[in-house]
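Residue numbering restarts at 1 for every chain, and letters A, B, ... go by the order of the sequence lines.
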There are 2 protein chains.
Amino acid sequence: MDKINLEEFRNIDMNPFDGALKLISGKWKMNLLFCLSEFDTMRYGEIKKTLGSITPHVLSVKLKELEANELIERHEYPQVPPKVEYTLTDKGRTLIPILRSICDWGKEYCVDFQDKQE
Amino acid sequence: MDKINLEEFRNIDMNPFDGALKLISGKWKMNLLFCLSEFDTMRYGEIKKTLGSITPHVLSVKLKELEANELIERHEYPQVPPKVEYTLTDKGRTLIPILRSICDWGKEYCVDFQDKQE
DNA sequence: TCCAATACTATCATTTTTGACCCTAGGTAT
DNA sequence: ATACCTAGGGTCAAAAATGATAGTATTGGA
């Protein structure tokens, strides 16, 4: 009787949210962005070293995706051995506050993660 | 000659960042949190409807993960047909600013995603 | 001549994530 | 008696993401 029309009970536009996620979600992507937000310029090898367990393949795939989405830039120096530097673009830099706040949140709520492994 | 020790060129503590990601990354998870941040209380069916393409199985898996991490709470009403409501916990609510800023970022930088499909 | 250095690529293998589909409980309305 | 309602669970299957491993190019130096 007092049944409401469930077809339109309430709605939300997830598009901008999904759109953002499409660019920044996926393993390693946010880590890469965070790295570059902390250290303006990094070479391929430095990133790899900093992330530790990422494989070269995955790293280059992710770097390419981020570059395709214009969040990072690739600067190649014509020398041997090769030297390639990565930086955030202006668009990428607008993510810095978000990345920082995620890190801060982690500091507050995920500190004891390591030690809790029994 | 001027070779530096690459073993310690620079360092960063990714732990809090990774810790945070561990709780909120993965498909659907942020969407769920975002949903619940927009609508304080939602029933299982409402969430499913709002997210559209999520399957019941995946939805319940994700809800459980978020609950296990104390980001959301499950309130079950002893009635038939069943009624279960989900809300953010206090801890989960601390994510709201982050979720909102991601959405805002998406509005600014990912608006034309839909139309650009040719 | 051969090795070192760097930033990758290519080719699989594997893991992780996601989805399809059907099933259940147990009051209520028909 | 029986279909209906909701919030899932169970069991595969499929797809997507990630990983392992080895290899390439170039040039200066031992």
Side-chain angles (χ1 to χ4, degrees), chain A residues 1-7 9-10 18 21-32 35-36 39 41-69 72-87, chain B residues 1-7 9-10 18 21-32 35-36 39 41-69 72-87:
Chain A
M1 260 27 350
D2 51 36
K3 210 172 221 167
I4 56 158
N5 182 5
L6 280 180
E7 299 311 313
F9 66 100
R10 43 189 184 182
D18 283 339
L21 286 188
K22 203 171 301 187
L23 300 196
I24 64 178
S25 68
K27 198 172 172 187
W28 300 118
K29 252 173 175 182
M30 309 252 291
N31 301 270
L32 283 170
C35 261
L36 290 174
F39 307 124
T41 298
M42 295 187 93
R43 299 181 59 175
Y44 177 89
E46 289 179 322
I47 299 174
K48 190 154 138 31
K49 202 159 176 13
T50 302
L51 296 188
S53 55
I54 196 171
T55 61
H57 180 210
V58 173
L59 176 54
S60 67
V61 166
K62 294 301 164 179
L63 286 171
K64 254 175 218 154
E65 290 175 8
L66 291 173
E67 196 193 352
N69 290 325
I72 68 173
E73 262 169 5
R74 206 184 95 108
H75 305 282
E76 185 173 351
Y77 295 82
Q79 64 183 49
V80 170
K83 174 177 178 183
V84 179
E85 289 185 338
Y86 292 91
T87 52
Chain B
M1 262 20 1
D2 50 37
K3 210 173 224 166
I4 56 158
N5 182 6
L6 279 180
E7 300 311 312
F9 65 100
R10 43 189 181 182
D18 283 340
L21 286 188
K22 204 171 300 185
L23 301 195
I24 64 177
S25 67
K27 199 171 174 188
W28 298 119
K29 252 175 174 180
M30 310 252 294
N31 301 271
L32 284 170
C35 262
L36 290 174
F39 308 123
T41 298
M42 295 187 91
R43 298 182 61 176
Y44 178 91
E46 289 179 322
I47 299 174
K48 192 157 135 35
K49 203 158 173 14
T50 303
L51 295 188
S53 54
I54 196 171
T55 60
H57 182 206
V58 173
L59 176 54
S60 66
V61 166
K62 295 300 167 180
L63 286 170
K64 255 177 217 151
E65 290 176 7
L66 292 172
E67 196 193 353
N69 290 324
I72 68 173
E73 261 169 6
R74 206 184 96 106
H75 305 284
E76 185 173 353
Y77 295 83
Q79 64 183 50
V80 170
K83 173 177 178 182
V84 180
E85 290 185 338
Y86 292 91
T87 52

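Closest to the S60(B) side chain, of the nucleotides dG19(D), dC8(C), dG9(D), is dG9(D). Among dA7(D), dG19(C), dG19(D), the nucleotide with an atom closest to any side-chain atom of V84(B) is dA7(D). For Y44(B), taking side-chain heavy atoms from C-beta onward, the closest of the listed nucleotides dC8(C), dG8(D), dG19(D) is dG8(D).
Using a 4.0 Å cut-off, no side-chain N or O of K83(B) falls inside it from OP1 or OP2 of dC5(D). At the phosphate of dA7(D), OP1 or OP2 sits under 4.0 Å from a side-chain N or O atom of R43(B). Between W28(A) and dG19(D) there is a side-chain polar atom (N or O) within less than 4.0 angstrom of OP1 or OP2. Here K62(A) reaches the OP1 or OP2 of dT18(D): one of its side-chain N or O atoms lies under 4.0 Å away. The phosphate of dA7(C) (OP1 or OP2) has no side-chain N or O of R74(A) nearer than 4.0 angstrom. The side chain of K48(A) contributes no N or O atom lying less than 4.0 Å from OP1 or OP2 of dC8(C).
K27(A) has its NZ atom 12 Å from the C1' atom of dT14(C), to the nearest Å. Going from atom CG of L63(A) over to atom P of dT6(C) covers 17 Å, rounded to whole Å. Counting to the nearest Å, the C1' atom of dA7(C) and the NZ atom of K64(A) are 11 Å from each other. Atom P of nucleotide dT17(C) and atom CG of L32(B) are separated by 15 Å, given to the nearest angstrom. Remark: P of dA7(C) and NE2 of H75(A) are 14 Å apart, rounded to the nearest angstrom. Computed from coordinates, the Q79(A) CD to dA7(C) P distance equals 9 Å when rounded to whole Å. Rounded to whole Å, the distance from CD on E85(A) to P on dT6(C) is 14 Å. Distance CD (E76(B)) to P (dG9(D)): 10 Å, rounded to an integer number of Å.
Residues M42(B) and C35(B) form a side-chain contact, since some pair of their non-hydrogen atoms from C-beta on lies under 4.5 Å apart.
Nucleic acid contact class of Y86(A) (heavy atoms, under 4.0 Å, all strands): sugar-phosphate only. Among the protein residues, K29(B) comes within range of no part of the nucleic acid, since none of its heavy atoms lies under 4.0 Å from any strand.
In this structure, CH2 in W28(B) is found 12.0 Å from CG in L63(B), a value given to the nearest 0.5 Å.
The salt bridge (Lys or Arg N to Asp or Glu O under 4.0 Å) check on K83(B) picks up E85(B), with sequence neighbours excluded. Here T55(B) pairs with H57(B), V58(B) under the side-chain contact (heavy atoms from CB on, under 4.5 Å) rule; sequence neighbours left out. Residues satisfying the salt bridge (Lys or Arg N to Asp or Glu O under 4.0 Å) test with K62(A), not counting sequence neighbours, are E65(A). Shown here are the salt bridge (Lys or Arg N to Asp or Glu O under 4.0 Å) partners of K64(A), two or more places apart in sequence or in another chain: there are none. Qualifying side-chain contact (heavy atoms from CB on, under 4.5 Å) partners for P82(A), counting only residues two or more places apart in sequence or in other chains: none. Listed by chain and residue number, nothing satisfies the side-chain hydrogen bond (donor to acceptor under 3.5 Å, both in side chains) test with S60(A) (two or more places apart in sequence, or in another chain). Taking V84(A) as the reference, R74(A), E76(A), Y86(A) meet the side-chain contact (heavy atoms from CB on, under 4.5 Å) condition, with sequence neighbours excluded.
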Exercise for review: Could you provide the dot-bracket string of DNA chain D, using ( ) for intrastrand pairs, [ ] for crossing pairs and | for bases paired to another strand, with Watson-Crick or G-U pairs below 3.5 Å?
Suggested key: ||||||||||||||||||||||||||||||
Pairs under 3.5 angstrom, nitrogen or oxygen only, protein versus nucleotides 20-26 of chain D, please.
from	atom 1	to	atom 2	distance (Å)
dA20(D)	N6	H57(A)	ND1	3.3

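The shortest heavy-atom contact between L59(B) and K48(B) is CD2-CB, 3.7 Å.
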